[in-house]
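Side chains included, hydrogens not; waters and symmetry mates left out as well; all remaining heavy atoms used. Being a predicted model, the structure only gives us computed values, none of them experimental. We count ligands from 1, going down the list as the structure has it; atoms in each ligand are counted the same way.
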Amino acid sequence: MRKILCLICCLVLLAGCGKAPESARQTVFAMNTAMSITVYGDNCEEYAAAACAEINRLSHLWSATEEDSELYRLNSEKKLTVSAETAELIAFASEMNTKTNGALDITLYPVLREWGFTTGEYKIPDSERISVLLSEREAPIISGGEVTLSEKTELDFGAVAKGYAGDFLCELLRERGVSSALLDLGGNIQLIGSKPDGKPWKLGIKNPNGEGNIAVLSIEDCAVVTSGDYERYFVGDDGECYCHIIDPKTGAPARSGLSSVTVIGDEGKICDALSTALFVMGEKAAVEYWRENGDFEMLLVSSDGRLAATGGLVENLEAAAEIRVIE
Ligand code: ADP
Ligand code: MG
């Protein structure tokens, strides 16, 4: 009997040899975008499902439009004791607002509404109305778990929620021992480790001014977040394109000469906040910001198709076009 058991064990082991590790891919629609979570290794189905449940939970907290979300309640009630996650997110966004000299600003919801970005009913608003909306907003006040907004202030987490959520998901998966996973949260990519075969992941960076990819990144264990003017925009009656990233100084869609900004770093929340902020700032200010802060890499694509990348990235980047190295 023991011999037979041994034989069965050996056969099972042999059958396991050379097989690709288990993998599970689950898709979910959350935060107004399609997301996919791919986990490799033991219990991957269970862990991918847990990650999807977590993204649904966070999406429900941070949706500006779902009527029973925490953010919706905060925007309408103006004073609310919020979850620790939401308080943390607001505190982080406020810190990034200061660091980016106002380029990242989560108080633009009334301005986004006026342009129709909250409903899809786009229009070019009256510029005086936009000036009024800009002047009425105030920074949120956080005290313990309680957040207070002034009467006319409404928040929108569109520029930071996916990155923040990505960090939570990575933490959840790492705590369970996952060493290889790819999270695609609507274009925000977060990577745990390398591919299961030990090689780096290859990520295509979309060409914002045309078809296909403009570059391919070989990379592991980091977050890669792109903001651009090519995915959510409308063409106004004047024939001009208006994208969903607003310059808080003007209240109008940012036109800084960049078509996309990809930020690569350890944390999704920083990459997400910076991809939006650097897009608003434009190439010159983005390069200055990187020189001063430098704990991330970036790839900038200009509206005229030029590529510029920070020095640490260049060797991991393949592109048909010439890449200017930012140093
Ligand atoms: P995406 O969500 O498409 O990945 P971003 O991370 O750049 O792109 O976020 C853009 C979203 O953030 C907009 O749809 C809007 O909800 C909000 N937003 C627009 N401009 C700003 C800004 N200057 N600061 C903070 N949030 C912004
Ligand atoms: Mg962002």
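- Between the Mg ion (ligand 2) and Asn188 there is no N/O/S contact shorter than 2.8 Å.
- In summary, Val225 places no N/O/S atom under 2.8 Å from the Mg ion (ligand 2), failing the contact criterion.
- Of the N or O atoms in Ala159, one or more lie within a sub-3.5 Å distance of an N or O in ligand 1.
- Leu112 belongs to a hydrophobic cluster whose other members, connected by ILVMFWY side-chain contacts under 4.5 Å either directly or through intermediates, are Leu108, Val111, Trp115, Phe117, Tyr122, Ile124, Ile130, Leu133, Leu134, Phe234, Tyr242, Ile246.
- Summary of contacts: the protein heavy atom closest to atom 14 (O) of ligand 1 is His244 ND1, 2.8 Å.
- For ligand 1, the atoms closer than 4.0 angstrom to any heavy atom of Asp272 are 6 (O).
- Of the protein's non-hydrogen atoms, the one nearest atom 22 (C) of ligand 1 is Leu108 CD1, 3.6 Å.
- When the heavy atoms of Thr276, Asp156, Thr33, Leu278 are ranked by distance to atom 17 (C) of ligand 1, first place goes to Asp156.
- Some N or O of Ile246 is nearer than 3.5 Å to an N or O of ligand 1, by distance alone.
- To the nearest 0.5 angstrom, Asp156 atom CG is 9.0 Å from Thr118 atom OG1.
- The closest side-chain donor-acceptor pair between Glu88 and Tyr164 falls under 3.5 angstrom.
- When only non-hydrogen protein atoms are considered, atom 24 (N) of ligand 1 lies nearest to Asp105 N, 2.9 Å.
- In terms of protein heavy-atom proximity, atom 4 (O) of ligand 1 is nearest to Lys162 NZ, 2.9 Å.
- Ligand 1 has no N or O atom lying under 3.5 Å from any N or O atom of Thr226, backbone or side chain.
- At least one N/O-N/O distance between Ala103 and ligand 1 falls below 3.5 Å.
- Exactly one residue among Thr81, Thr86, Asn75 makes a side-chain hydrogen bond (donor to acceptor under 3.5 Å, both in side chains) with Glu70. That residue is Thr86.
- Residue Pro248 approaches ligand 1 through these ligand atoms, each under 4.0 Å from one of its heavy atoms: 23 (N).
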